[in-house]
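Remarks on the structure that follows.
Labels below follow one simple rule: chain letters A, B, ... track the order of the sequence lines, proteins then strands, and each chain is numbered from 1.
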Protein chains: 2
Amino acid sequence: MTTHLFISPRAQPLPRWQHAFPDATLAARPGARRADVVWWMPPQFDASALDALIADLPAGTPLVVLSSEPSQADAMQALAAGARAYCHAYATPAMLQQVAVVVLNGGLWLGPELMSTVMGVASKQLLADVDPAAATRLDALTPRERAVAIEVAHGATNKEVARRLDITERTVKAHLSAVFEKLGVRDRLQLVLELKQPPASVDRAA
Amino acid sequence: MTTHLFISPRAQPLPRWQHAFPDATLAARPGARRADVVWWMPPQFDASALDALIADLPAGTPLVVLSSEPSQADAMQALAAGARAYCHAYATPAMLQQVAVVVLNGGLWLGPELMSTVMGVASKQLLADVDPAAATRLDALTPRERAVAIEVAHGATNKEVARRLDITERTVKAHLSAVFEKLGVRDRLQLVLELKQPPASVDRAA
DNA sequence: CTGCCTATTGGACCGGTGGACAGGGTCGCC
DNA sequence: GGCGACCCTGTCCACCGGTCCAATAGGCAG
């Protein structure tokens, strides 16, 4: 049985929530509650509150952000913070259940329009970003090392990498040390510079 | 009953496919077949073939791209073309079923690593549209702050910056804190990314 | 003169980082 | 079976990075 936790300042859960998930619990404020899916409906969108909420959630717990007035900007902030879905608070029970199914199975749910916007931008960016120079130098690395290197190249801390790759921070360090060694850089910052610089000029050509 | 169509050049379906979806049909070549979910496993990744395949699919039919050797670059191309999921061809039947559930409910399935990569990049890009703070540049800084920022952007440590500018390491920290604050970044790594990833212009008109 | 900004520095504090020891496991290859 | 990769985890420790608490001093606008 999957458990659902709705976090909302409102006194009563929306009827459609109960309709969709009769056994769901409701909390007025975020807490270190455990649940299979956490639904968050803030009175008004607050990025920092969302960050704090996600930080407190057990790793891997999917968060769905609900909004009575969805906006693209809010959705983006929600996704940036790590939410796995963003949808209308007054969506039909059937749709809420669909969303739950998606996030419970490791998916991302955004609704058609947002989805296409996100995918368009993301794929364009990543195609231009990961493909070119990086590949040539990264192929000396093992797949796992490469994954860590790419995360770091995007600015992630060890803790964040660990969370995203679902490994220990210690393991991240291990891979990272190997990466530094293989690429001949002294720290993560040099790694970023190495991967961002086009391969053209190898400055120690002297 | 949901119908599954596997498109693969191989003569026999993989056992795990049959295990996951006993009623699935197999086709060697793309065609205008109808199905609730289409799974495509190309002998090797081919972006144009993928485009053609998606064009022939009934609108709204989710496509899952399978790969026996997943790569981030291929995944990006698949997503750009409109695939709704990208996963390992030898994933467990349970995972394949999860993927099916996700895409059938309007979700996107990428696996944890790719997912975080995509979301990170996409949200950063889209937020830049919405949040002008992130687009702020060096001209908002005082001359001294700018000098420090540039040194750091070249990969210098605080100690190195201090030596080059002939000031105390402590002072470097002070300037840096101001820089972080003004540019809205959390640390030197984000600063480097901000300065390396230049144009604030997001050509999202398309 | 009175703020206000800028540049500079000090000390204390804490979390992030990277190296140096460890070890555990799986897999494929000889 | 051994041997070497790759992946994952652990502890200890020195160092770096960033923030918070200050303080001093010059320039500039009101």
### Task
Let me know the distance between CG of A/D166 and C1' of D/dC7, rounded to the nearest Å.
14 Å
### Pairing of B/E194 and B/R186 as salt bridge, 4.0 angstrom limit
no
### Heavy-atom check, side chain of A/V38 versus side chain of A/F6, under 4.5 Å
no
### Task
Would you please name every residue forming a side-chain hydrogen bond (donor to acceptor under 3.5 Å, both in side chains) with A/S68, sequence neighbours left out?
none
### Residue list, ring pair (Phe, Tyr, Trp, His ring centres under 6.0 Å) with A/Y86, at least two apart or on another chain
none
### Task
Take nucleotides 18-30 of chain D nucleotide by nucleotide from the 5' end and write B, S or -, depending on whether a protein heavy atom sits under 4.0 Å from the base, only from the sugar-phosphate, or from neither.
BBBB---------
### Query
Are there more than 12 heavy atoms of other residues, nucleotides or ligands under 6.0 Å from atom NE2 of B/H19?
no
### Terminal axes of the helix from C/dC1-D/dG30 to C/dG23-D/dC8 (five pairs each): angle between them, nearest 10 degrees
30°
Could you go over nucleotides 25-30 of chain C and give all protein N or O partners under 3.5 Å, atom names and distances?
none

#### Entry: Crowding at CE, A/M41 (>12 non-hydrogen neighbours, <6.0 Å)
yes
### Between B/N158 and B/R170, a side-chain donor and acceptor under 3.5 Å
no
### Summary
A/L165 CG to D/dC6 P, in whole Å, measures 17 Å
### Message
So, using side chain to side chain contact (heavy atoms under 4.5 Å, CB included) as the criterion, who are the partners of A/P143 when residues are at least two apart?
### Response
none
### Summary
A/R163 atom CZ is separated from C/dG16 atom C1', nearest whole Å, by 17 Å
Find every protein N or O atom lying less than 3.5 Å from an N or O atom of nucleotides 5-7 of chain C, and list the pairs.
{"from": "C/dA7", "atom 1": "OP1", "to": "B/T142", "atom 2": "OG1", "distance (Å)": "3.2"}
{"from": "C/dA7", "atom 1": "OP1", "to": "B/R144", "atom 2": "N", "distance (Å)": "3.1"}
{"from": "C/dA7", "atom 1": "OP2", "to": "B/T142", "atom 2": "OG1", "distance (Å)": "2.3"}

### Task
State which residues pass side chain to side chain contact (heavy atoms under 4.5 Å, CB included) with A/A147; sequence neighbours excluded, sorted by chain then number.
A/L165, B/E113
#### Entry: Pairing residues for B/R146 by the salt bridge (charged side-chain N to carboxylate O under 4.0 Å, His left out) criterion, not counting sequence neighbours
none
### Query
Can you list every pair that meets side-chain hydrogen bond (donor to acceptor under 3.5 Å, both in side chains) and has a residue in residues 171-182 of chain A, with sequence neighbours left out?
A/E145-A/K182
### Message
Run the side chain to side chain contact (heavy atoms under 4.5 Å, CB included) test against B/V102 and tell me which residues pass, sequence neighbours left out.
### Response
A/V102, A/N105, B/W109
#### Entry: Residues which pass side chain to side chain contact (heavy atoms under 4.5 Å, CB included) with B/Q97, listed by chain and number, not counting sequence neighbours
B/A20, B/F21
